[in-house]
Structure formats: C-alpha cells, structure tokens
There are 2 protein chains.
Amino acid sequence: MKDGPDIAHIAALIGDPARANMLTALMGGMALTATELSAEAGVTKQTASSHLSKLEAGGLLTIRKQGRHRYYQLADTDVAELLESLMGVAMRAGHVRTRPGPKDPAMRHARVCYDHLAGDMGIRLYESLLKRGHLNEQAGEPALTVAGRDFVTGLGLRLDALEGTRRPLCKACLDWSERRTHLAGSLGAALLDHMYASGWAKRKPDSREVVFTKSGQQAFERSFGEG
Amino acid sequence: MKDGPDIAHIAALIGDPARANMLTALMGGMALTATELSAEAGVTKQTASSHLSKLEAGGLLTIRKQGRHRYYQLADTDVAELLESLMGVAMRAGHVRTRPGPKDPAMRHARVCYDHLAGDMGIRLYESLLKRGHLNEQAGEPALTVAGRDFVTGLGLRLDALEGTRRPLCKACLDWSERRTHLAGSLGAALLDHMYASGWAKRKPDSREVVFTKSGQQAFERSFGEG
DNA sequence: TCCTTGTTTCGATTAGGATCGAACTATGAA
DNA sequence: TTCATAGTTCGATCCTAATCGAAACAAGGA
C-alpha cells in the first residue's frame with residue numbers, strides 16, 4: 001500500500017463515461033437535477049442516481065435539496081479546475097471526440113465555462129485586455145497590470161473583494177473549441193457577472209449559451225473591442 | 001455522444017490503482033524502468049507492461065530506450081500538474097490512505113516533488129521567501145516581487161530563461177505530508193537545481209529523498225533561514 | 001385523500017478489464 | 001556461441017462495476 005492522497009479513487013470516479021458527461025455538463029456552472037443529468041449522460045435515472053451518489057460521496061459534487069428536486073453542482077472551483085486540467089491534457093494528447101453533427105455556431109460564439117465567458121467572445125475579451133495593456137502574461141499565466149487595476153475598478157468592480165479569496169484573480173483557461181486562451185479566475189467570473197448585471201447579455205435557459213443584446217454587443221465593443 | 005476532449009478516457013487511465021501508483025512514483029521526476037515501476041505498483045512485470053503501454057498510448061508517459069532498459073517518465077509538466085491537482089482534491093475530500101508503517105522522517109524532511117523541493121525544507125524555503133519579501137501571495141498564487149527578482153538574480157539564476165517558457169514561474173504546490181504550501185513552477189525547479197549545483201544537497205539514489213550536506217545545510221540557513 | 005412526478009433501493013445480468021503463468025523476443029555480457 | 005536479464009504477447013481466469021426493470025419512497029398538487 002502506498003501512502004498519500006488516493007488519486008486513483010477520484011480519478012476512477014471521473015473515469016466512467018457517464019459520470020464524466022455529468023461533470024462536463026456541470027462545468028456550465030448551473031446546478032442541474034438528477035433527471036437532467038441522466039439525460040446528459042445518456043443513461044436511465046436509476047443508473048444516474050447511483051453515479052450521483054458516488055460522486056457526492058467522493059466529494060466532487062454537492063447537493064442542494066429544493067422541493068422535490070435535488071440540484072447537483074460541482075463541489076468547488078478546485079474540482080472545476082481539475083476538470084479543466086484534464087481537458088487540457090486530453091486535448092494535447094489528441095483525445096477529442098469529434099461530434100458528427102454540425103457544430104453549434106451559437107455555442108462557439110459565446111458560452112459559459114463554469115462561471116466565466118468562453119467561446120469567440122471570451123477570446124476577444126482576453127485578447128483585448130492584453131492588447132490594451134490591462135493584462136500581461138508572465139510565464140504563461142495572466143496578471144493584471146496597474147493600468148488594468150484602474151480599468152476594472154472603473155467598471156465598478158471591487159478588486160479587494162476579488163483578491164480576498166483563495167481563488168486566483170486571473171487564470172488562463174484553454175478553450176477547446178478554439179484552442180486559444182480565455183480568462184478564468186475570480187476576475188473572469190466578475191467580468192461575466194458585470195455583463196449580466198449591466199444587461200449586456202444573459203444566459204439562455206437550459207444551455208451553456210450566452211446571448212448578447214444588440215446594445216450589449218455595442219457596449220462590449222466599446223469596452224473590449226479591437227485596439 | 002458528447003463533443004469535446006475525452007476526459008473520461010484519461011481519467012480512467014489514472015483511475016486504476018496500479019497505474020496511479022506508477023504515476024505517483026514518477027512524480028519523483030526520475031525516469032524509471034518497467035521493472036521498477038512494476039514493483040512500485042505491486043504487480044507483476046506482465047501486468048505492468050500492459051499498463052505502461054496504455055499510459056503511453058494515452059499520452060501520459062514518454063519512453064526513452066537506453067540499452068535494454070526502457071525508461072518511462074511523465075510526458076510533461078502538464079501531466080504532473082494534473083496529478084497534483086488530483087492530489088489536492090483527494091486530500092480535501094478526505095481520501096487519504098494512511099500508511100500503517102512508521103512514516104519515514106527523512107522523506108518528511110526533504111524530498112523531491114517532481115522537480116522541486118518538498119517536505120519540511122521545501123516549506124521553510126517557501127516561508128522564508130515570503131517573510132523576506134521576495135515572494136508575495138496574490139489571491140492564492142505566489143508571485144516574485146521586485147526585491148525577489150534581485151535576490152534570485154543574485155544567486156546566479158537567469159530569470160529571462162525561466163520566464164521564457166510556457167510554464168509559470170511561481171506556483172503553489174500543496175504538500176500532502178505537511179498540508180502546507182511549497183514552491184513549484186520553473187523557479188521552484190531552478191532553485192532545487194541551484195542547490196544540487198552548489199553542492200548543498202543531492203538526490204539519494206532510488207528514492208525521492210534529498211540529503212543535504214552539513215555545509216549545504218548551513219548555506220541553506222544563510223540564504224533561506226528564519227528572518 | 002389520491003394522483004403525479006422525482007428519486008432511490010433492490011436484484012439480476014452482463015461486459016470489460018485487471019491479473020498472472022507461460023512462452024516468446026531483444027539486448028547485452030561472458 | 002551461450003547465458004542472463006529486460007520486456008512483451010498470448011490465453012485463461014476472475015471480479016468488479018455499470019446497467020436496467022421493477023418496486024418502494026418522498027414530496028407537491030388536486
């Protein structure tokens with residue numbers, strides 16, 4: 001017997017296709033019910049129930065009871081980052097399951113990645129921040145510059161609150177659909193919240209899609225457009 | 001069928017106890033032969049051979065043939081970080097396999113964690129850098145301060161070379177034996193190399209243990225001791 | 001109260017894969 | 001050449017865990 005953390009146990013939990021599909025679905029950040037997750041995974045409710053209780057026992061999911069529904073969500077951002085890390089390694093190793101149907105253009109345009117913006121819009125956001133000198137990359141990881149601190153404060157965000165947590169402020173997240181980087185971390189989450197709050201965009205129900213209003217798109221261009 | 005990276009496949013690869021043990025052993029950073037790995041995993045050579053070819057096909061390991069030996073090592077630092085990430089989640093979820101035998105004090109004192117220093121000495125190194133103002137923690141992730149840049153340059157390290165890679169310069173790595181943080185990233189690796197090169201310490205063969213010489217210990221205290 | 005919907009438990013089936021013994025290949029040493 | 005060591009391939013066995021049907025349980029709503 002070896003000592004140390006039992007990585008085999010939780011890797012095995014993620015290693016089942018049905019469970020991996022559920023976890024991937026929960027990367028959308030929204031809490032989902034057992035029935036919804038069974039559909040995502042393509043198994044019956046009974047099977048899903050068994051999987052979900054294992055994931056919960058393993059500490060990967062948390063349950064929130066509400067009426068007769070049980071809402072499941074990822075236990076914390078560490079789990080989300082673990083899944084991202086897995087996706088990154090799987091990507092580079094060439095293990096992509098290519099979907100046979102037509103790729104959904106709306107999803108590629110703007111979708112949510114756990115709690116921050118991904119897809120084409122997410123990449124444009126990231127590159128704009130870089131180009132305008134609000135962000136710079138130090139050895140692979142993004143960091144907010146002094147000018148960047150002024151900028152996000154100007155948007156009305158409370159930097160001290162964002163930095164108070166254990167979670168990194170800025171984090172690079174690999175976008176598998178575009179194979180480019182977008183912004184995660186507490187700042188990435190706060191920026192998406194800002195867009196919701198300002199009425200620029202909203203979540204499409206039952207989907208990871210993010211739809212921008214016409215005026216929201218224009219406001220996005222002003223703040224995060226080219227050059 | 002879902003699209004996206006096939007995380008279930010590579011998670012399943014890590015999810016087998018025998019394979020997880022092999023990967024954990026390779027976190028020592030040293031390339032190991034198939035026979036050594038079979039002993040680490042506690043299986044026969046035949047079984048190990050089958051596991052190793054799967055890990056190699058999955059892109060988690062690379063092989064280097066040398067004479068009649070085949071040396072295996074982790075494919076890259078992304079894989080090492082994925083395993084660290086897994087250990088972190090497994091730790092917090094309380095999945096620790098407590099070893100029945102006595103804990104090896106030498107391993108707790110100083111050992112290698114993939115390519116950087118861990119154990120008690122690793123933690124002292126990290127805390128000294130913090131205390132002396134060479135490092136500060138920004139929202140959970142360590143960053144080198146201006147004074148810190150001078151300090152490591154003074155040690156003879158080439159900062160530009162360290163920052164040239166995709167790998168982050170500074171990274172927090174959770175030490176499961178102490179439940180504290182030590183320094184990973186390209187700087188963490190460079191500092192350990194510096195200690196080897198300066199004759200402060202060397203790797204004990206066939207072990208993750210790092211043994212400091214008497215004068216090396218003194219030099220460590222001067223550079224990274226209290227206050 | 002009865003009915004509907006969401007979820008879990010039980011039992012039985014089945015399939016995938018981990019395991020090892022034995023035989024086989026490859027490389028180096030004597 | 002012959003021997004020894006490192007590693008793989010093959011075949012058979014065995015066991016775990018995924019799966020689903022059916023039934024039980026829980027929680028609204030009528």
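For clarity, every value in this text was computed on a predicted model and none was experimentally measured. Any value given below was found using the heavy atoms of this structure, including those in side chains, with hydrogens, waters and symmetry copies removed.
Side-chain contact check for Leu74(B) versus Leu23(B): some heavy-atom pair is nearer than 4.5 Å.
Arg92(A) has a carboxylate O that lies under 4.0 Å from a charged side-chain N of Asp76(B), or vice versa, which qualifies the two as a salt bridge.
Of the possible donor and acceptor atoms, none in the side chain of Arg19(B) sits under 3.5 Å from a partner among the backbone N and O of His51(B). No donor-acceptor distance shorter than 3.5 angstrom exists from the side chain of Ser49(A) to the backbone of Lys45(A), with no hydrogens or angles considered. A donor-acceptor pair under 3.5 Å is absent between the side-chain atoms of Thr33(A) and the main chain of His69(A), judged by distance alone.
For Tyr72(A) against Leu26(A), the heavy-atom pair with the smallest separation is O-CD2, 3.4 Å.
When DNA chain C is scanned 5' to 3' for any atom under 4.0 Å from a heavy atom of chain B, the first and last hits are dA18(C) to dG28(C).
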Reading 5' to 3' through nucleotides 3-17 of chain D, protein heavy-atom contacts under 4.0 Å coded B for base, S for sugar-phosphate only, - for none: -BBSSBB--------
Give every donor-acceptor pair under 3.5 Å between a side-chain atom in residues 188-202 of chain B and any protein atom, sequence neighbours left out.
{"from": "Ser198(B)", "atom 1": "OG", "to": "His194(B)", "atom 2": "O", "distance (Å)": "2.7"}

